[in-house]
2 protein chains.
Amino acid sequence: MQLSELKQKFEQFLKQKGYKVTKSRLELIDKIASYGSHFEIEQLVVWVSNQDKGVASRSTIYRTVKLLQEFGAIREVIKLGNRTIYEFIAGKPHHEHLICVKCGKIIEFYREDIEEIQDKVCEEYKFTPLNHRLEIFGVCSECSYSVV
Amino acid sequence: MQLSELKQKFEQFLKQKGYKVTKSRLELIDKIASYGSHFEIEQLVVWVSNQDKGVASRSTIYRTVKLLQEFGAIREVIKLGNRTIYEFIAGKPHHEHLICVKCGKIIEFYREDIEEIQDKVCEEYKFTPLNHRLEIFGVCSECSYSVV
DNA sequence: CTAAATGCAAAAGTTTTGCATCGGC
DNA sequence: GCCGATGCAAAACTTTTGCATTTAG
């Protein structure tokens, strides 16, 4: 999906919910999109507040991240210790993550069979799935060469 | 595994690491074991400090939970919002979780094929897996009958 | 004009840490 | 006796919130 299209849809989402279309909200989508696919809120706060003009304050960033989750453009994908790593998913197909515990590298992968397993398990327990998250923690190939 | 056997192994673990076998550490295993399989640290702190004699302070509980994770008797299994839910796994076979976002119910399930998927994916990326966590968030059968 | 959004600072919640004291070994 | 463990209170982090002010519709 194009970024412009996403922003349009977000505007519709806001209007439909009775929220307001504000400069901060739209600019934050740009910032998040250009930040890279994975981010933590504190990084975003620092990065955004170092820009020419402050696009949004810390509270607005927290509030907007929540909104964007509700809208579906952002997802909490990795929970490691006390850190929460978000992902900008706009239009991206669903996928899971490998996380290198040494260097922090994140590798995305998709397996159709995980979706099938989810469906089977949920059917068995009469459970209505909303979303899932599979995190595989380990050591990536580069880090496994280092002795440390 | 018997609790007594687990405690013995934990003692060995402590000695081998050069840590000390203390009353708090051993009693905390009992407390955690009798708490039920899933717990949050704050619950544990409150519960433990309401007992006759204070088995351990908040800091000791935090430190001991870390130790028990290192030992492998405890695992962070669910990360939901800002909450961390731990599980006492001593001897239990590996499994995944369904989490009802309405009532908080936790259902455990095991699928051999998830392990196989992990192996295949990791091989493909030359990634050495240490552990994984699959969380399926949704609504359980009981909650799906309620309109709220 | 009205209600919602923002920024700030304060508060709340969770986890960690410095340090004096206590307790295994 | 020595060195690690514990308890306490303070600090560090992360996230949320109350309120005065600004801004979208």
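Lettering follows sequence order; numbering is per chain, from 1.
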Legend entry - Residue list, side chain to side chain donor-acceptor pair (under 3.5 Å) with B:Tyr110, at least two apart or on another chain: B:Glu112

Inset, instruction - Would you mind reading off the distance between B:Ile61 atom CD1 and D:dG7 atom C1', rounded to a whole angstrom? - result: 12 Å

Legend entry - Distance below 4.0 Å between B:Ser57 side-chain N/O and D:dC8 OP1 or OP2: no

Inset, instruction - Would you give a per-nucleotide map of nucleotides 12-25 of chain C, 5' to 3', where B means the base has a protein non-hydrogen atom under 4.0 Å away, S means only the sugar-phosphate does, and - means neither? - result: --SBBBB----BBS

Legend entry - Distance in Å, A:Leu67 CG paired with A:Leu14 CG, rounded so as to fall on 0.5 Å steps: 6.5 Å

Legend entry - Contacts of A:Gln8 that satisfy side chain to side chain donor-acceptor pair (under 3.5 Å) - sequence neighbours left out: none

Legend entry - Partners passing salt bridge (charged side-chain N to carboxylate O under 4.0 Å, His left out) against A:Glu115 (at least two apart in sequence or in another chain): none

Inset, instruction - Take atom CG of B:Leu67 and atom C1' of D:dT6, then tell me their distance rounded to the nearest Å. - result: 13 Å

Inset, instruction - Starting at atom CZ of A:Phe10, determine the distance to atom C1' of C:dA5, rounded to an integer number of angstrom. - result: 12 Å

Inset, instruction - Quickly work out the A:Leu44 CG to D:dT15 P distance and round it to whole Å. - result: 12 Å

Legend entry - Under the side chain to side chain donor-acceptor pair (under 3.5 Å) test, residues paired with B:Glu42 that sit two or more places apart: B:Arg58

Inset, instruction - May I have all residue pairs that pass ring-ring contact (aromatic ring centres under 6.0 Å, His included) and include part of residues 57-100 of chain A, sequence neighbours excluded? - result: A:Phe10-A:Phe71, A:Phe13-A:Phe71, A:His38-A:His97, A:Phe39-A:Tyr86, A:His94-A:His132, A:His95-A:His97

Inset, instruction - Under the salt bridge (charged side-chain N to carboxylate O under 4.0 Å, His left out) rule, collect the residues that match up with B:Lys23, sequence neighbours excluded. - result: none

Inset, instruction - To the nearest 10°, let me know how far the axis at one end of the helix from C:dC1-D:dG25 to C:dC25-D:dG1 is tilted from the axis at the other, five pairs an end. - result: 30°

Legend entry - Results of salt bridge (charged side-chain N to carboxylate O under 4.0 Å, His left out) for A:Glu87 - residues two or more places apart only: A:Arg75, A:Lys92

Legend entry - Distance in Å, A:Ser24 OG paired with A:Ile61 CD1, rounded so as to fall on 0.5 Å steps: 9.0 Å

Legend entry - Non-neighbouring partners of B:Thr84 that pass side chain to side chain donor-acceptor pair (under 3.5 Å), sequence neighbours left out: B:Lys79

Inset, instruction - Take atom CZ of A:Arg25 and atom C1' of D:dT23, then tell me their distance rounded to the nearest Å. - result: 12 Å

Inset, instruction - Sorted by first residue and then second, give each ring-ring contact (aromatic ring centres under 6.0 Å, His included) pair with at least one member in residues 16-36 of chain A; sequence neighbours left out. - result: A:Tyr35-A:Trp47

Legend entry - Residue-level proximity of residues 26-39 of chain A to DNA chain D when a heavy atom falls under 4.0 Å: none

